[in-house]
Amino acid sequence: AKNTMKIFMMHLILPFLFIIGTPASALSQWNQVSGLNSDDIKFVRSFDANLFYAGQNVSLIKSTDGGANWATSQILDMSGSPMVVLAEIHDIHFINSTTAFMAGVSSTSNQYVLYRSSNGGVNWTPWYTSGSGSWPRIFNRMDFESTNNLGVCVGTNGRIIKTSDGGGIWSLVLSNTTKDIYDVCVIDAMNVVAVGDEVILKSTNGGVNWAPQAMPSTWFKSVDFPSA
């Protein structure tokens, strides 16, 4: 209940604190950058101080200078050809400088899809796909714990998959909800929290089992815990 109230209050209060408590001089330091198109930005992720990725529908936008400049990074399959079956990119995560995962939805029968790259995001191969369940079938977010062994990916219709070997094998787990799940935070090797459409889920055994938490009727788009 405390975690539920904490997340709820953060959603209500933080935007107002940011607006009221932030000096105008700080707000003026934000500058619009070039290299992005007019599509909605699905995510922004950083691998280190220089390497950033942003997702815009089927476009993967890359910065190698800390976000100062951006350019479209072509998504290639293992043969080097542009990937044509990816409908939307919703998240990306780098295990290390070579291994990365990309989550979203495939245009082939509207499938949940997770792609893997073993050469730093140059080429991608389908790693987990599923056409089961109700439409739409979209993976929204993923997160890994600090050692990058435990990873959890969440999506529409209560879909949750997990890995315990750094992404080698992904398994479907029972989420106990059919609600859309929008974000997940892997706090440590045991504790994971996922949020979505009028739902907060918590796992205390590394994403194997999930329990709904008492909460008000509202949508949660994001969740993060600085520590356990």
Side-chain angles (χ1 to χ4, degrees), residues 1-12 14 42-43 87-93 95 101-106 109-116 126-228:
K2 289 183 179 180
N3 286 340
T4 300
M5 183 58 67
K6 176 182 176 182
I7 298 172
F8 177 63
M9 293 302 293
M10 285 175 64
H11 273 74
L12 290 180
L14 285 183
K42 301 291 186 181
F43 65 88
E88 285 187 1
I89 307 166
H90 282 246
D91 204 3
I92 192 171
H93 181 87
I95 300 292
F101 289 92
M102 183 168 58
V105 55
S106 170
S109 302
N110 186 252
Q111 293 182 327
Y112 295 101
V113 63
L114 194 66
Y115 284 89
R116 181 180 185 269
W127 204 249
Y128 177 98
T129 60
S130 174
S132 65
S134 302
W135 185 93
R137 293 178 282 271
I138 303 170
F139 279 137
N140 289 318
R141 287 290 184 273
M142 60 182 150
D143 194 28
F144 284 73
E145 49 101 11
S146 58
T147 64
N148 280 318
N149 289 319
L150 172 63
V152 179
C153 186
V154 300
T156 54
N157 304 301
R159 180 64 57 110
I160 298 179
I161 60 173
K162 68 176 290 289
T163 179
S164 56
D165 62 357
I169 299 175
W170 293 82
S171 303
L172 179 67
V173 297
L174 182 64
S175 67
N176 292 309
T177 185
T178 57
K179 299 282 189 178
D180 293 344
I181 306 174
Y182 299 123
D183 197 14
V184 60
C185 178
V186 180
I187 303 169
D188 53 38
M190 300 302 292
N191 297 288
V192 189
V193 175
V195 300
D197 180 4
E198 299 184 350
V199 64
I200 297 176
L201 301 171
K202 183 177 181 181
S203 172
T204 57
N205 58 1
V208 177
N209 302 107
W210 296 82
Q213 307 297 296
M215 55 160 290
S217 296
T218 188
W219 286 20
F220 295 96
K221 288 288 189 177
S222 182
V223 60
D224 187 45
F225 285 80
S227 64

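Just so you know, residue 1 is the first one in the sequence shown, and it goes up from there.
Applying the ring pair (Phe, Tyr, Trp, His ring centres under 6.0 Å) test to pairs two or more places apart or on separate chains, those with a residue in residues 140-160 are His93-Phe144, Phe144-Trp170. For residues 192-215, no residue pair satisfies the ring pair (Phe, Tyr, Trp, His ring centres under 6.0 Å) rule, not counting sequence neighbours.
Every residue two or more places apart in sequence or in another chain that forms a side-chain hydrogen bond (donor to acceptor under 3.5 Å, both in side chains) with Asp183 is listed here: Ser222. With sequence neighbours excluded, the residues satisfying side-chain hydrogen bond (donor to acceptor under 3.5 Å, both in side chains) with Asn205 are Ser203, Asn209. Annotation: side chain to side chain contact (heavy atoms under 4.5 Å, CB included) contacts of Ser132 (sequence neighbours excluded): Ser130, Arg159. With sequence neighbours left out, the side chain to side chain contact (heavy atoms under 4.5 Å, CB included) criterion links Ser171 to Ile169. Residues forming a salt bridge (Lys or Arg N to Asp or Glu O under 4.0 Å) with Lys179 (at least two apart in sequence, or on another chain): Glu198. The side chain to side chain contact (heavy atoms under 4.5 Å, CB included) check on Thr129 picks up Gln111, Val113, Pro126, with sequence neighbours excluded. In this structure, the side chain to side chain contact (heavy atoms under 4.5 Å, CB included) partners of Ser134, at least two apart in sequence or on a different chain, are Asn157.
For the side-chain contact (heavy atoms from CB on, under 4.5 Å) with Ile161, the lone residue among Val154, Val173, Leu114, Val152 that qualifies is Leu114.
Inter-residue side-chain proximity for Met102 and Ile89 is flagged as met; some heavy-atom pair is nearer than 4.5 Å. Contact of the Lys202 side chain with the Val193 side chain is registered, since non-hydrogen atoms from C-beta on lie closer than 4.5 Å.
The nearest pair of heavy atoms linking Pro136 to Tyr112 is O-OH, 4.2 Å. The heavy-atom pair separating Trp127 from Gly168 by the smallest distance is NE1-O, 3.1 Å. Looking at every heavy atom in both residues, Ser175 comes nearest to Ile160 through CB-CD1, 3.6 Å. Annotation for Arg141 and Lys42: closest pair NH2-O, 2.7 Å, computed over non-hydrogen atoms. Across every non-hydrogen atom of Thr156 and Asn140, the tightest pair is N-ND2, 4.0 Å.
Rounded to the nearest 0.5 Å, atoms CD1 (Ile92) and OH (Tyr115) are 13.0 Å apart. To the nearest 0.5 angstrom, Cys153 atom SG is 10.0 Å from Ile181 atom CD1. Expressed to the nearest 0.5 Å, how far CD1 of Ile138 lies from NE2 of His90 amounts to 5.0 Å. Note: Met190 CE to Glu145 CD = 11.0 Å, rounded to the nearest 0.5 Å. Separation of atoms CG (Asp143) and CG (Leu150) is listed at 9.0 Å; rounding is to 0.5 Å.
Between the Asn110 side chain and the Arg137 main chain, a donor and an acceptor come within less than 3.5 Å of each other. No side-chain donor-acceptor contact under 3.5 Å links Asp180 to the backbone of Asp197.
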message = Show, in sequence, the C-alpha distance, side-chain angles and deciding distance for Asp91 and Phe139, and conclude whether the side-chain contact (heavy atoms from CB on, under 4.5 Å) test is met.
response = CA-CA 8 Å; Asp91 204 3; Phe139 279 137; over 6 Å; no

